[in-house]
Amino acid sequence: VKSEGPKLVPFFKATCVYFVLWLPTSSPSWFSALIKCLPIFCLWVFLLAHGINFLVSHRSASRILAGLIFSAVGDAFLIWQEQGYFIHGLLMFGITHILYSSAFGMKPLDLKAGLLMGVVSSCCYAFLYSYLSGPFTYLVAVYIALIGFMGWRAVAGVQLCNDLWTWTKLSACVGAMLFMVSDLTIALNEFCFPVPYSRFIIMATYYAAQMLIALSAVETRDEEDFRKRS
């Protein structure tokens, strides 16, 4: 963790800039889009700083980088969500969750974690359903299924009971959970009722989630050794 900290300094600075400027959402502009996306750009740089060879040889890392790219596009769309680009942002983040799920992989399967995540996702959609109308009735269902699947694959990678975990796997798990909290807050605030301090909750959990998922791409232990132990 200490060796990766200095590479994340630009991300922390960019995040501070976002919260210090706190540009009003009522007047979207390319400048506000840049400020919002800047921390994610810094995470691109964080992964690229490990070298192209690293990204090529670690498919999970390259998929996480691709997910961060789609996330930035989604962030830009959401700046203009009041102008009708909310669905576009939803689509970009749906692709992000597919890429993250692919990066986390399907081993170990851990069906218990999958069942638990399925129950949680179903409960969330059941609560939101009565507030949804039109295309959002099925779009939100698909999105919840995608982020729930991503959460399952992240949780499944952490095998605490078997002492097979690594800090990168734990980072992915916590990041996925924070991403779900961020998106649930967006859904509640957008479709159900005003959530106090919603923007702060959404962005704080979102930036933390993206940072932790980006960190999970960094291998600190020999991958073959981990496979043998699992």
Side-chain angles (χ1 to χ4, degrees), residues 18 22-30 32-37 39-40 63-64 66-104 113-155 175-210 212-213:
Y18 173 82
W22 203 241
L23 298 172
T25 57
S26 57
S27 55
S29 66
W30 285 108
S32 59
L34 173 63
I35 296 301
K36 184 182 182 184
C37 296
I40 307 303
R63 288 167 185 170
I64 287 175
L68 288 169
I69 292 171
F70 278 98
S71 293
V73 177
D75 281 332
F77 276 129
L78 292 181
I79 287 288
W80 285 276
Q81 62 180 351
E82 299 300 327
Q83 285 71 36
Y85 288 96
F86 184 80
I87 291 178
H88 299 73
L90 203 67
L91 175 61
M92 293 299 103
F93 280 106
I95 295 172
T96 294
H97 297 317
I98 292 172
L99 288 165
Y100 286 169
S101 299
S102 177
F104 299 151
L115 179 61
L116 176 62
M117 201 59 63
V119 171
V120 171
S121 298
S122 298
C123 289
C124 289
Y125 182 70
F127 179 82
L128 293 169
Y129 181 77
S130 60
Y131 295 94
L132 302 173
S133 61
F136 286 110
T137 303
Y138 59 84
L139 286 175
V140 171
V142 172
Y143 186 85
I144 288 177
L146 290 175
I147 195 171
F149 186 82
M150 185 271 290
W152 169 32
R153 298 321 310 146
V155 171
M177 295 301 101
L178 288 174
F179 216 135
M180 295 178 73
V181 170
S182 179
D183 281 357
L184 179 59
T185 306
I186 290 176
L188 292 174
N189 193 65
E190 183 73 19
F191 301 113
C192 304
F193 47 79
V195 177
Y197 307 106
S198 60
R199 186 181 171 194
F200 177 81
I201 296 171
I202 290 165
M203 297 311 298
T205 52
Y206 170 69
Y207 285 141
Q210 293 284 40
L212 290 169
I213 290 173

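Because the structure is predicted, anything quoted here is derived from the model rather than measured.
- Between F179 and L212, every side-chain heavy-atom pair lies at or beyond the 4.5 Å cut-off.
- Taking both residues in full, the closest heavy atoms of S32 and I79 are given as OG-CG2, 3.8 Å, listed atom of the first, atom of the second, then distance.
- By the 30° and 60° cut-offs, the orientation of the rings of Y18 relative to W22 is perpendicular.
- Taking the six-membered ring for Trp and thresholds of 30 and 60 degrees, F77 and Y85 have nearly parallel ring planes, at less than 30 degrees apart.
- Residue I95 holds its CD1 atom at 10.5 Å from OG of S71, rounded to the nearest 0.5 Å.
- Considering every non-hydrogen atom in both C37 and A72, the closest pair reads SG-O, 3.4 Å.
- A209 approaches G175 most closely through the heavy-atom pair CB-O, 3.1 Å.
- A 6.0 Å sphere centred on CZ of F193 holds more than 12 heavy atoms belonging to other residues, nucleotides or ligands.
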Kindly list each side-chain donor-acceptor pair under 3.5 angstrom involving residues 137-146, sequence neighbours excluded, with atom names and distances?
unit_1 : atom_1 : unit_2 : atom_2 : d
T137   : OG1    : G134   : O      : 3.2
Y143   : OH     : H97    : NE2    : 2.8
Y143   : OH     : D183   : OD2    : 2.3

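- Residues Q210 and P39 form no side-chain contact, since every pair of their non-hydrogen atoms from C-beta on lies 4.5 Å or further apart.
- How far OG of S130 is from CZ of F191: 12.5 Å, rounded to the nearest 0.5 Å.
- Remark: Y207 OH is packed, more than 12 non-hydrogen atoms of other residues, nucleotides or ligands lying under 6.0 Å away.
- Residue F93 forms a side-chain contact (heavy atoms from CB on, under 4.5 Å) with just one option from I186, D75, I147, I98, and that option is D75.
- The two residues G67 and T96 have their closest heavy-atom pair at O-OG1, 3.2 Å.
- Rounded to the nearest 0.5 angstrom, W80 CH2 and S29 OG are separated by 6.5 Å.
- Judged as a side-chain hydrogen bond (donor to acceptor under 3.5 Å, both in side chains), and not counting sequence neighbours, T185 has no contacts.
- With rounding to the nearest 0.5 Å, the separation of OG in S102 from CD1 in I64 is 10.0 Å.
- For L78 against K36, the heavy-atom pair with the smallest separation is CB-NZ, 3.7 Å.
- Between the side chain of T205 and the main chain of I201, a donor-acceptor pair closer than 3.5 Å is present.
- Side-chain atoms of Y206 and I40, non-hydrogen and from C-beta on, do get closer than 4.5 Å to each other.
- For the pair F70/L91, no side-chain contact is recorded, criterion being any heavy-atom separation below 4.5 Å from C-beta on.
- Residues P28 and Q83 approach most closely at CG-OE1, 3.8 Å, considering heavy atoms.
- For the side-chain contact (heavy atoms from CB on, under 4.5 Å) test, residues two or more places apart in sequence or in another chain that qualify with M117 are S121, W152, V155, M177, M180.
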